[in-house]
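What follows is a short report on a single structure.
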Number of protein chains: 2
Amino acid sequence: MLRCEDVDSLVAVLRRSGYKITQARRAVIETLAEEASHLTAPDVVEAVQKRTPGVGRASVYRTLELLMRVGLVQSSTLGGAAATYRLTPDRHHHHVVCLECHKTVEFEECALPELERRLGERLGFELEGHLVELYGRCPDCLA
Amino acid sequence: MLRCEDVDSLVAVLRRSGYKITQARRAVIETLAEEASHLTAPDVVEAVQKRTPGVGRASVYRTLELLMRVGLVQSSTLGGAAATYRLTPDRHHHHVVCLECHKTVEFEECALPELERRLGERLGFELEGHLVELYGRCPDCLA
DNA sequence: GTATATGCAAAAAGTTTGCACAGTA
DNA sequence: TACTGTGCAAACTTTTTGCATATAC
C-alpha cells in the first residue's frame, strides 16, 4: 500500500519550500500514504506513534497543519463534525456521504477542472486542488 | 438579514420529521439564519446565548448534530482544521479558499447538478446537497 | 554552526454524557 | 399526560503552547 515514489515526491515538495525533512514529518507523510484514508487527528497520532515510536503528539498536529498549508493534505468533515485528513489525491476521488450512517462512497468523475481554470483566472487565485462532497441518504438508510 | 420565511420553512422540516420545536432549536436555527456564515461550534454557542440567554451549550451541540443529520446544516473545514457550520444554502454558493490566510471567496457557478443526478441514480442514494471547495493561494499571498 | 523543529508536560479549548426537571404535542 | 428535549455540571477528549534539547542542512 505504501508507495515510495509518492512519499518521495511529497517530501521533495516540502524540501523545495524550504522546510526541513525530519523524522516526525516523514512519519506523518508515510502514515497518511499508507493508511487507507479519512483519519481524524487523534487517529493520525496513534498511527504515527505505532509506526514510528517517539514522535510527539504536538509534532503530528504541527505537521498536519504544515502539510495543509502547503496543499499536500486536505481535511474535510465528511458531513460529520470531526475533521479528517488525507493526502490530497492527484487522481480525483470525491465522496458521496450518507448523512444517516456516514457511509462514504468514492467516485472519480469530476466536473470541475474547467470551472477551476475559469475561476482561478477571474479571481487571481492560483488554485491547486478541490474538494467535492455530495450528501444524502444511502440505499440502506432509505429502506 | 434574518429572513423569517426561511426560519419558518426550516422549522417546518423539523416538525414534519417528528422533532419538537423548542426554544433551543429555534434559537440555533435563527442564529444560523442571521449570522453571515461559517461559524465554529463555539461561535454558534456564543451567538445563540447572546440572542437567547438560557440556552445550554449541550443543546446547541445536540441541535447542530440534529440539523446536520436532517440535512439543514452543512459543515466544512474550509481548508483549516476547525469545523464550521452553516445553513445548507439552496442558492448555491461554494467557496474558493486561500490555504495561506484562509480568506474565502464565494462563487455561484456550479457544475454539479447533472453529476449529482447521474451518481444518485447509479448508487441508489437520494442526494440532497453538496459541498464544493477550491483550494489555492489568493492574490495577496502570492505577492 | 545556526536556525528550525522536536518532545514533553501542562494548560486551554472543545465536546460529550448523565440526570433531574421542563415544555411540546 | 407521556415522552422528548433541556440545562447544568462534571468528565472526557482534543488541541495548543512554552521551553529546553536535538537535528537537518
Side-chain angles (χ1 to χ4, degrees), chain A residues 7-8 10-31 38-70 72-73 75-78 80-85 102, chain B residues 8 10-31 38-70 72-73 75-85 102:
Chain A
V7 170
D8 286 349
L10 299 178
V11 163
V13 171
L14 274 195
R15 182 174 285 126
R16 244 182 286 120
S17 303
Y19 297 104
K20 297 188 173 164
I21 308 308
T22 64
Q23 186 197 37
R25 286 174 178 169
R26 191 179 284 273
V28 171
I29 293 175
E30 287 175 353
T31 297
H38 307 311
L39 302 175
T40 63
D43 287 345
V44 177
V45 170
E46 189 186 357
V48 164
Q49 292 184 335
K50 203 167 74 185
R51 138 182 278 281
T52 314
V55 174
R57 213 192 350 277
S59 297
V60 174
Y61 278 93
R62 288 185 279 228
T63 300
L64 282 176
E65 203 235 313
L66 169 64
L67 293 176
M68 292 230 304
R69 215 169 51 235
V70 176
L72 295 180
V73 159
S75 75
S76 90
T77 65
L78 288 181
T84 59
Y85 301 84
H102 293 112
Chain B
D8 287 349
L10 299 178
V11 163
V13 171
L14 274 195
R15 182 174 285 126
R16 244 181 287 119
S17 303
Y19 297 103
K20 296 188 174 165
I21 307 309
T22 64
Q23 186 199 36
R25 287 174 178 169
R26 191 179 284 273
V28 171
I29 292 175
E30 286 175 353
T31 297
H38 306 310
L39 302 175
T40 63
D43 287 345
V44 178
V45 170
E46 188 186 359
V48 164
Q49 293 182 335
K50 202 166 77 184
R51 138 182 278 281
T52 314
V55 174
R57 209 187 1 271
S59 296
V60 174
Y61 278 93
R62 287 185 280 227
T63 300
L64 283 176
E65 203 235 312
L66 169 63
L67 293 176
M68 291 231 304
R69 215 169 51 235
V70 175
L72 295 179
V73 160
S75 75
S76 90
T77 66
L78 290 180
T84 59
Y85 301 84
H102 293 113

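Quick note: numbers below take in every heavy atom, side chains included, and nothing from hydrogens, waters or symmetry partners. Chain naming here is simple, since letters A, B, ... match the order of the sequence lines and numbering starts at 1 in each.
Residue A/E46 contributes atom CD, which lies 13 Å from atom P of D/dT15 at whole-angstrom precision. For the pair A/L14 CG and D/dC25 C1', the interatomic distance rounds to 15 Å; values are reported in whole Å. Look at CG on B/L66: it is 14 Å from P on C/dT16, rounded to the nearest Å. One can place CD of A/E65 at 14 Å from C1' of C/dA5, the figure rounded to the nearest angstrom. At whole-Å resolution of the value, CZ in A/R16 and C1' in D/dC25 are 17 Å apart. What separates OH of A/Y61 from P of C/dT6 is a distance of 16 Å, to the nearest Å. In this structure, B/R25 places its CZ atom 10 Å from C1' of D/dT6, rounding to the nearest Å. Atom C1' of nucleotide D/dT14 and atom CG of A/L64 are separated by 13 Å, given to the nearest angstrom.
Closest approach of A/A27 and A/T31 over heavy atoms only: O-OG1, 2.7 Å. Nearest heavy-atom pair across A/V60 and A/V55 is CG2-CG1, 4.0 Å.
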At under 4.0 Å between heavy atoms, how does the protein contact nucleotides 18-25 of chain C? Give one character per nucleotide, 5' to 3', with B, S or -. B----BBS

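Counting only heavy atoms from C-beta outward, the side chains of B/V73 and B/V28 never approach each other to under 4.5 Å.
The side chain of B/A41 sits closest to C/dT15 out of D/dG7, C/dT6, C/dT15.
Comparing the start and finish of the helix from C/dG1-D/dC25 to C/dA25-D/dT1, five pairs each, the helix axis swings through 60°, to the nearest 10 degrees.
Between the side chains of B/T77 and A/S75, a donor-acceptor pair is found at a separation under 3.5 Å.
For B/E65, the side chain to side chain donor-acceptor pair (under 3.5 Å) test picks out B/R69, with sequence neighbours left out. Scanning for side-chain contact (heavy atoms from CB on, under 4.5 Å) contacts around B/T84 gives B/H38, B/T40, B/S76, B/L78, with sequence neighbours left out. The side chain to side chain donor-acceptor pair (under 3.5 Å) search around A/T63 returns none, not counting sequence neighbours.
Residue A/V55 is in sugar-phosphate contact alone, with no base atom involved, counting any heavy-atom pair closer than 4.0 Å across all strands shown. Across all strands shown, A/R57 has heavy atoms under 4.0 Å from base atoms, whether or not it also approaches the sugar-phosphate.
Between A/L72 atom CG and A/L64 atom CG the span is 11.5 Å, to the nearest 0.5 Å.
Evaluation of the salt bridge (charged side-chain N to carboxylate O under 4.0 Å, His left out) test over residues 39-49 of chain B, restricted to residues two or more places apart or in two chains, returns none.
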